[in-house]
Amino acid sequence: MSSAEILHHTAVFLSETLSQAELRHHLHSTFLKRLPTALVKPLTFVFQTIENAISTSSPSIRSSSLRLAEKLLLSNPSNPFSSFLLSLVHHLSHRAVDASLSLLDVFEREPSLSRLEMAPFLFQELFLVHFTQILEWYNEKRSEILSSLSQLRSGYDSDEESIVSTTKALLSKMSGDQASALKDLERDYEALLDDNCRAFVHYFKDVLRNKGGDEMVSPPAIVFNKSQTGGDRQPFCENIKSQGFESPNRRYNPMWDEGDRSFELSSKNLSKFPSLIPVRVSPKVLTNQISSKEFDINIDAIVAAKSNPQHLITDYSFSDSSETEEKENINKPALFDSTNTQKQTLLAERSTRRSTNHSMEEVGGGKQSKHIPPKDFVCPITTHVFDDPVTLETGQTYERKAIQEWLDRGNSTCPITRQKLQSVQLPKTNYVLKRLIASWREEEDPGSVKPAAVSPKSVISQASIDGAMTELRLAITDLCTSEILKEAETAVLRIEGLWREAVMEVQQMQPMLAKPPVINGFVEMLLNSVDARVLRATVFLLTELGCRDDSVVQTLTRVDSDVEAIVELFKKGLIEAVVLVYLLRPSATGLVEMDLVGYLLEMLRSKNVDDVVLRTFMEPKTAAVLLLARILRSCGVAEVVKSVVSSSTQVIEKIVMSLQADQSEERVAAVGILLRCILEDGKCRNIVAEKAELTSLLEILPQVSDGERLEIIHFFSELVKLNRRNLNEKILHILKDEGTFSTMHTLLIYLQNALPDQSPVVAGLLLQLDLLEEPRKMSIYREEAIDTLISCLRNSASPAAQISAAETVLSLQGRFSYSGKSLSRAILLRRAGLDRSYLAFMRRDQRRHNISANAQDTMEDEKAAEEWERKVAFFLVSHEFGLLFEALAEGLKSNYEELSSVCFMAAIWLVYMLSDLPDTGIRGAARVCLLKHLVSIFKSEKNIEDRALSMLGLNSFIRDPEGLQDLGGHMKDILKGLRELKKSSAMAFEMLKVFSEEHDNSADIWNHKELSQEDCSINGEVLAVTCFKGKLFSGHSDGTIKVWTARDPELRLIQEIREHTKPVTSLTVLHSSEKLYSGSLDRTVRIWSISEEGIYCEQVEEVKDQINNLVVASNIACFIPQGAGVKVQSWNGSSKLLNQHKSAKCLALVQGKLYCGCNDNSIQEIDLVTGTLGNIQTGSKKLIGKANPIYTLQVHDGLLYAAGPSLDGANVKIWSTSNYSMVGSLASTLDVRTMAVGSELVYLGSKVGSIEVWCRTKHNRVETLQTSFTSKILCMALDTNQDMLIIGTSDGRIQTWGLS
C-alpha cells in the first residue's frame, strides 16, 4: 500500500470526524471511560480548545488554540486519547503525515477500541484487506466445530418464520463443549486481529516515513500462534461468497455465518465495522440494508452490546412479544445469549426475506395494510407512532414524554414487564429506530397513518380507557353546566383523580380539558369555591394543562380579573398557585402593583414551602424564585431589591439553595437575584459566599446564553470581593478547579466574543484565576485578559467600557471592606500619610457590621493580601513594557470625571507599587506617561486627599536621579504643595528633606516674600505674637490684645480688647484645651476662650510678681519674675520658686520639662514632676562687666535651640535634650533676640530689624529678610502650616512673610 493511499484514508476519516460534532463528543466520552482520573481534566481542556479552533472563524484564534492544544498534549503522558486529539490538531494544521502517524498510534495502543468504536471504516480500508488468511482460518475452525449439526441445517425451507425457528432449533441442539469451543475461537480470533493490527501499524508508519520511496517496504506476514495454525487449510479466496459482506455497515465475523456458507473477497464487498454512533449511519444507508419494510432488529447494535450493553439499550428496540419468543424463553440454552448466535440467526432471517421478496406488509404470514405502521413503530402507551423513542434497560421502547410522565407520577417499574428500573434517568433517543420510522414515513402517506392496535401487554386495557373516558366526559359536563356548586366541585375532584391515576393517557385527556368552556369552568371554581381541596385541585389541573398547551394560558390571560384571582389565591395561602402565576407570565410591573413581592418573600421564608399536596411540573419554590428574578430584571425597582435584602437571611439562604437546582433556569434566576442583592447591600456577599455551592453554576456556564453567562461571571466577580484575602482565594480555587469543563477556557472563549462593555469584568476574573497559583512566564489567558483591559481603556467610543476597565484594574488590588467596597483609596491615603480617613472608615465598617476577627487570621490575611498585590501589580505593569500606563494616561485626559478619577486612582496604585517591585525599566516608562499629569493635579487640585495621592505617586519618581531631574522644572510648585501637606503627612516632610538634600544651594528652593504689614504703633510696641487655627493674636505694650484672621495674605482685624492695665508680655495657646493665656506686667494671667468671632476672658489669675516669658501646661503656669529664679504658679493658687540661684532670661516648656536660659549664658533643665535640675550649658563670667544672656530658647523634635552672644563664633547652639550634648550650631553674626523653629527652617530675629533664614538640616543660611533698619524684632511666630512667619517690632508694626 502506498503512502498516498494511507494519507487519503486517514484524511477522509479525520475530515469526517471534524465535520460531525456529535461524533467527536461521543468519541470523547468513549475515551474518557478508559483514562486515569488524573488525565481526565487536562485532556478535556485540550478537547475544548480544539473545539474552539473548529468553531471559530478567526484565523488567529484558531492558530493560537491549536498551538496551545499541541503544547499541552506533548506535555502530558502519551495515551490513545492524546494521540487521537493530536491527529486532529495536525489535520487542522494541514500536516497530513503527522496526523496519520498520530492516528496509527491509536490503532497500535488500542486496536480493539479503534476497530470497534473509533474508526471501523478506516480499519476495513487499511487493515482488513490484508487479513484474508485470518478470516479463512477462522471459517475453517468454526466449520469443524459446527460440522455435526449439518444434517439439521439441511432441512431449511424458504419460509421466513421457519428459517428463524430452524436456526434457533439448531442452536438449541448445540452441546456445551461446542459452545465453549466457539467462545475460545472467538477470543483467539480477536487476539489475532489485535496482534496483526499492531504489526501493520509499524508497516504503515514505515511507508509514511519513506518519503522519497528510496527503500522498498514490504508488508509483514500474518502472525499465527501454534494453536491457531493446526490443520490443513484450503485457499480461502476461492471459497468466499458475497453473502457475509452484504451490509456496508457491519464488520465481518465468521461466527455470524453458517458453516457451509461462503463468500468471495473483494474490496467492494468487504464489510465495514458497525458504527456505535447513530449519527454516522445515514437513513439512506439503513434503508438500503432492509429490503422489506417490516421493522428489522439492529444486528449491529446487538453485537456492539456484547462489549457495551448500554448501546443495546440506546440503539436497539425490541418490544414485540410473539409466541415464538415465548417458546424461546422456555427452551433457551445457555449459549443462546451469545452475541454471535443472535446475529447468525437474524442474518438467516434477513437473507431468506431477501430471497423470497417478502414485502413489509407481510408479517407473520399475514398481510398488513399499507398505511398501518408496524406495531414496533408504535408506543404501547400512547398508541401513536414514535416521535422520540427511548429504550429502557428492560428492552421495552416507549415515547419519551409518555414514559417520563409515568416516572414522574412516582412509578419506578417498566409499564409492560413490571421489572424494577435501576435508574429513572431516561437513556438517549433510539436513533436507529427513529431513522427506520423516518424511512418508513418517506414511502407512506403521512396523513393517512393510523394507530396500530394496542400491545397485548399494554399497561392500560382498552376497557378501562373507555370507562375513564366516559367518566371524564360526565365530569366535564357537570363542571360546565351544573348550577349546583357542590356538583361542580365534585366534578373537579373527579377530573383531578382521573388525571393523577393515569387511567387514560394525558394526551387523550388534554384536548378535552383544554377547551375554553372547560377552562372557564375551572376559573368559576376559583372564584366561587371555598373548599381548599377543590381550589388546590383546580390550580393543579390548570397548571398541568397550561404547561402542556399554550392555548390554556391564552384563555386564562384574556381576562385580567382571572389572573388577579389566581394571584389572590396565592396571597391567601394557596402556595401551589404561584406555579400557575408563573405560567401566566403577567408583566413584572403588574406583579409589583399587585404587591406580590412581599408574599413571595414570605413564602420563601416559610418552613412549609416544600409541603405541597399536589405536585406539578414545577415546585412552588422554583416558581417563586423565577418570578422574583423576572421582577428584578424587568423593573429594576430599588425598593424591590431592598425588600429582598431586608427580608431575612433565611430568604437569602433559600435563594442560595436554588443555585443547586435541577433546572438551569432556576440557577440562573437565583444568580440574578443574588447579584442584585449584593450590589444593593454588600454584606449579602458574605452569606452567599459561605452557603453557595458554585460547582453547579460552573456546569451550566458553557451552556447558557451570553447574557446569562455574563450575569454568572459578574456574580463570581462580586463574590470574590470579601474582606479576607484567604477566603477570596478559596473561592477562586473552586472556580478554577471544580466543574467538568475548564472555567478559564470558557471565560477565554467568551472574552474573545464579548461586547466591549462586558469584557472588563470577564478579563478581571480570568486574570485572577490565572494568577491564583505561581504564574508562568507566558500565559495565553493572562495575555488575553490584560490586552482586553488595555483595549477597553483606550476605547474612547465606549466610555462605559473605559470606566469598567479602570474599575477592574483598581479592584485587582484585592482590598475590600466587609460590605465589598474597595479600600484602594483609603489604603493609598494611609500610605500617603493621611491615615485618618482609613481608620475612620474601618472603625465605621466594624461597628456597622459587628466585625470581630482573630488577630492571627487578620495577620495571615494581611500577609496574603500583600503578596497578592505585589503579584498582580507586577504582571500588570510588566505587560508590554508598561503599556497599561499609556492607557491610564489617556484616561486621565478624559472629560468624563468618573473615568479620569478611577484612572487616577489606578495609576497612583500602580506607580506606588513600582517602588516595591524590582526595577526593570518600567518606572521610566511610567514617569514619561504620568509625571506631567500628577504634577498638574498636585498643583491645581484643591482637595487635600487628591493632592496627597498625587504626592504618593510623585514620591515613587524621586527614588532615582532621572526622576529628580525630571521634577526639577516643577520644583517650586511641588515644594509649595509639600509645605502645605507636611503637617498632615510624614511623607511630605520626608520628600522635602530629599529635595533639600539633593540641592546644594538651598536658597534655590527657599524664597520668601512679604505678605502684609499692619501699623499698630498707636498701641505701642508689639511684645508677643502667636497663631492658632487661622487666627493671629498680638499683645501690645499698652495692654491691648488684638485678634486677626491670618488665612488670607492680608491680615484682617476682627477684635481688639484691652483688659490688661499694663503691657502684655506673653501670649501662648494651650492646644489641648484651645485656650489663650496672656501674661502681663499687671501681675495677672488671663485665660481666654477662643471662638470664630474672637476671644473672651474666662478666668483671671492674680500673682504677686510681674510676668515675663509665660509658658503654660495643663494645670500650671511658669514665668520669670522680677528677681532670680522661675515662678511656678498652680491654678489652685499655690506657687513655688525654682532655680533660685539663677537669673532667668527665657523659658521653654515641653512635656513636663522646663528649660531655662539664664543671664550668665547657662541653660538648665528642670523636671517639674520630680524637681530635679540638670545643666545643659554651664555659665560664663562677665567680660568687662557685660552680661552674656541666653535671649531665646526653642525646642523642636528633641533638639534645643539656644540663641545668645557669639562667644565662639556661633550665636545659636543646638543641643540634644536626651543627653545634653551639642549636636550643631548656626554661625550667625546677628545679635539674635528672638527665634522661630519649623520643620525645615529656623528664623533668627535681630535687634537691627533683619531676619536670617537657616536650613534646619544642613545648618546653612538660605536667605536674609530685611524688615526695617530702625526697629528691633521683638517677637516671632509660625502659623500652623509653617508657611507664614509673623513678626512683631519695636515700632508697633506686625509683618507677615510667606514662602513664594
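Since this is a predicted model, take the numbers as computed values, not measurements.
For Thr1270, the side chain to side chain contact (heavy atoms under 4.5 Å, CB included) criterion is met by Ser1268, not counting sequence neighbours. The side chain to side chain contact (heavy atoms under 4.5 Å, CB included) check on Leu1011 picks up Lys1009, Met1284, Thr1296, with sequence neighbours excluded. Taking Thr1084 as the reference, His1060, Asp1082, Arg1086, Val1100, Glu1102 meet the side chain to side chain contact (heavy atoms under 4.5 Å, CB included) condition, with sequence neighbours excluded. Scanning for side chain to side chain contact (heavy atoms under 4.5 Å, CB included) contacts around Arg1256 gives Phe989, His1196, Asp1197, Leu1199, Tyr1201, Val1237, Val1242, with sequence neighbours left out.
In terms of modelled atom types and a separation under 3.5 Å, the side chain of Thr1289 and the main chain of Arg1293 share a donor-acceptor contact. In this structure, Ser1091 contributes its side chain and Gly1094 its backbone to a donor-acceptor pair below 3.5 Å. Arg1058 places a side-chain N or O within donor-acceptor distance of the main-chain N or O of Asp1038, the cut-off being under 3.5 Å. For the pair Glu1165 (side chain) and Ile1176 (backbone), a donor-acceptor distance under 3.5 Å is absent. No side-chain donor-acceptor contact under 3.5 Å links Asn1188 to the backbone of Asn1161. Side-chain atoms of Glu1263 come within 3.5 Å of backbone N or O of His1008 as a donor-acceptor pair.
A salt bridge links Arg825 to Glu945: at least one charged side-chain nitrogen sits closer than 4.0 Å to a carboxylate oxygen. Comment: Lys1145 does not engage Asp1160 in a salt bridge, judged by the lack of any side-chain N to carboxylate O separation of less than 4.0 angstrom.
Checked options His1036, Glu1021, Glu1056; the residue passing with Cys1016 is His1036 (criterion: side chain to side chain contact (heavy atoms under 4.5 Å, CB included)). Screening Leu1147, Leu1023, Leu1110 for a side chain to side chain contact (heavy atoms under 4.5 Å, CB included) with Ser1066, the sole residue that qualifies is Leu1110.
Gly1079 and Ile1107 make their closest contact through CA-CG2, 3.9 Å (heavy atoms, listed as atom of the first residue, atom of the second, distance). What you find for Val1025 and Ser1034 is that their closest heavy atoms are CG1-CB, 4.2 Å.
A heavy-atom distance below 4.5 Å is not found between the side chains of Leu1149 and Val1112. When side chains are defined from C-beta on, Lys1247 does not count as touching Tyr1191, because their heavy atoms never get closer than 4.5 Å. Between Val1150 and Leu1200 the shortest side-chain heavy-atom distance does not fall below 4.5 Å. Side-chain contact between Leu949 and Met905 is present, with heavy atoms from C-beta onward closer than 4.5 Å.
Taking a 6.0 Å sphere around NZ of Lys1142, one finds it holds more than 12 heavy atoms contributed by other residues, nucleotides or ligands.
Note on ring orientation: taking the six-membered ring where Trp is involved, the planes of Trp1131 and Tyr1077 are parallel (angle under 30°, cut-offs 30° and 60°).
For residues 1098-1127, the set of pairs meeting the ring-ring contact (aromatic ring centres under 6.0 Å, His included) definition, not counting sequence neighbours, is empty. Pairs passing the ring-ring contact (aromatic ring centres under 6.0 Å, His included) check and including a residue from residues 1092-1111, sequence neighbours excluded, do not occur.
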